[in-house]
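One structure is given below, encoded as structure tokens.
Since this is a predicted model, take the numbers as computed values, not measurements. Every heavy atom of this structure was used, including side-chain atoms; hydrogens, water molecules and symmetry mates were not.
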Amino acid sequence: MEKLQELVDGMLKQVPRLVLERLLAEKVKEVGLSVDEAAISKAAEHIMSGSDEDLKFGESEDDVTINITDEDIEYVVNTTERFLNEQLSGVLEKSSDHTANLVFKSLSRKWREEYEAQQADVEGFKERLEHRWGKALGKLRMLLTIAMEWAQGLYERRLRDSGGKLSHLDDVMLRLHVRACQVAGEVIVLLENGYADGAMARWRTLHEIATVAAVIAKYGEEIAERYVHYQIVESFSALKAYERNHQALGFRPLSQAQSKKVRKDYAKIIQRFGKPFGGENGWAAYHLKARAKERVTFLRLEEEAGDAMMRSPYKMASYNVHASPKGVYFKLGNLRESSVLLAGMSNAGLIEPAQHAAVSLSEITLLMIGESAVFDDLVASKIIAQLVAKIPLEFAKA
């Protein structure tokens, strides 16, 4: 696209010469000469060059004097400036519309071929990445498969034992585990495609899920019930945001019935659990003994879960979630100190997100196994422990 701007810049440089050509054409007409456009253009170039040599001009053999006065020079300058200041934007707007349509049609015709070439590049990259990291990724894929298949069996067993109605604790823990498996799968997809920083950002979510699960598992059924009802607080917060911004977004307001129901549900749940329940992570406020108006931060949840040591990698992962300067300047996918601005895939940086994902997925899975004496659970827990020990080593080798 930069070629287009170069073309425009080149054309703009010709504006003074074009103005001079028009001025010369008028002067030539005044002295009675018959001169074609090519000669006029040649004369303008001669003057613009600053040359003091004689110029053969037209067909007549007579000497003709054409004076270029200070007023003429001022006219050329003023006309050029007026064009650039007053007319250029409109000209460029019309020209850019026309050019954009032409370029878009050209790109559309060629896109299939370009896309196929890009896909070939991507497949080649993925083959090379799999060649280097495949064995390590295989262990991570195995861990996810075991966690998913074991959880399916646990779900069926718990459902059968409870007569088809799970407790709040079992329901919440199973749902958190299901989400953890899905996010772990997203981490693997990003790693397979060379997006280490994106994988690290998704691990951040996985760590949050595992941490929340650890706090809920620690306090049991009562806090799990609070966690379920905290959806009402989130709905109330979403309602207020929607009411503030729906007009600017061009959306319709919620119906009075919808708004009234959300507000009524919120009032009831606050009356039941108290004002701290309406704050950040309010579902945990009672069990963590949060004082009035005290925020239950995620750091507080980490400390309660015994995961405070993960604060450093969590901060690293946060860089690529938010628009932070560190996220702009630091990339896992860059090899050592590199001047390359990484905008796509990279074969580097897979170790951190992979090993953290393995640990977090194993944490929530082992939480659910707990102190179970069921043989399947014992076997699953030992296999998971072996994999979590091997995965960092395999990635380090790669």
Taking 4.0 angstrom as the limit, do Asp161 and Arg157 come out as a salt bridge? no
Electrostatic pair Glu394:Arg141 at N-O distance under 4.0 angstrom: no
Same apolar cluster: [X] and [Y], side chain cutoff 4.5 Å:
X: Tyr230; Y: Tyr286; result: no
X: Val183; Y: Leu366; result: yes
X: Met309; Y: Met200; result: yes
X: Leu159; Y: Val228; result: yes
X: Val379; Y: Val374; result: no

Which residue pairs pass the side chain to side chain donor-acceptor pair (under 3.5 Å) test when at least one of the two sits in residues 358-368, sequence neighbours left out?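 Passing the test, one end in residues 358-368: His177-Thr365, Trp203-Ser360.
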Show me the pairs that pass side chain to side chain donor-acceptor pair (under 3.5 Å) and involve residues 106-117, at least two apart or across chains. Glu114-Gln118
Only pairs at least two apart or in different chains count here, so list each ring pair (Phe, Tyr, Trp, His ring centres under 6.0 Å) that has a residue in residues 358-398.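 Every pair satisfying ring pair (Phe, Tyr, Trp, His ring centres under 6.0 Å) with a residue in residues 358-398: Trp133-Phe395.
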Pairs flagged by ring pair (Phe, Tyr, Trp, His ring centres under 6.0 Å) wherever residues 289-310 is involved - sequence neighbours left out: His207-Phe298, Phe298-Tyr314
Side-chain H-bond candidate by donor/acceptor type, Thr205 with Glu186, under 3.5 Å: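 Their side chains do not contain a donor-acceptor pair, so the 3.5 Å distance test is not met.
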Going by atom types only, do Ser259 and Arg263 share a side-chain donor-acceptor pair under 3.5 Å?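 Short answer, yes.
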Does any non-hydrogen side-chain atom of Leu191 lie less than 4.5 Å from one of Leu140?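 Yes, at least one pair of side-chain atoms sits under 4.5 Å.
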Side-chain heavy atoms of Val328 within contact of Phe330, under 4.5 Å: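 Contact flag for Val328/Phe330 side chains = no.
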Test of understanding: with side-chain hydrogen bond (donor to acceptor under 3.5 Å, both in side chains), list the residues that count as partners of [X], not counting sequence neighbours.
X: Arg226; value: none
X: Asp121; value: none
X: Ser318; value: Arg204

Whether [X] side chain and [Y] backbone form a donor-acceptor pair below 3.5 Å:
X: Lys218; Y: Glu304; value: yes
X: Arg300; Y: Leu288; value: yes
X: Arg202; Y: Val187; value: no
X: Glu303; Y: Ala308; value: no
X: Asp197; Y: Gly333; value: yes
X: Asn320; Y: Ala201; value: no

Result block: side-chain N/O donor-acceptor pairs under 3.5 angstrom for residues 148-156, not counting sequence neighbours:
{"unit_1": "Trp150", "atom_1": "NE1", "unit_2": "Asp377", "atom_2": "OD1", "d": "2.8"}
{"unit_1": "Gln152", "atom_1": "NE2", "unit_2": "Glu156", "atom_2": "OE2", "d": "2.7"}

With a sphere of 6.0 Å drawn around CD of Gln256, does it hold more than 12 non-hydrogen atoms of other residues, nucleotides or ligands? no
When the side chains of residues 273-280 are checked against the rest of the protein, which donor-acceptor pairs come out under 3.5 Å, sequence neighbours left out?
{"unit_1": "Glu280", "atom_1": "OE1", "unit_2": "Arg295", "atom_2": "NE", "d": "2.9"}
{"unit_1": "Glu280", "atom_1": "OE1", "unit_2": "Arg295", "atom_2": "NH2", "d": "2.8"}

Of all residues at least two apart in sequence or in a different chain, which pass the ring-ring contact (aromatic ring centres under 6.0 Å, His included) check with His287? Tyr219
Test ring-ring contact (aromatic ring centres under 6.0 Å, His included) applied to His131 - qualifying residues, sequence neighbours left out: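 Here no residue qualifies.
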Within residues 306-330 or reaching into it, pairs that qualify as salt bridge (Lys or Arg N to Asp or Glu O under 4.0 Å) - sequence neighbours excluded: Glu302-Arg311
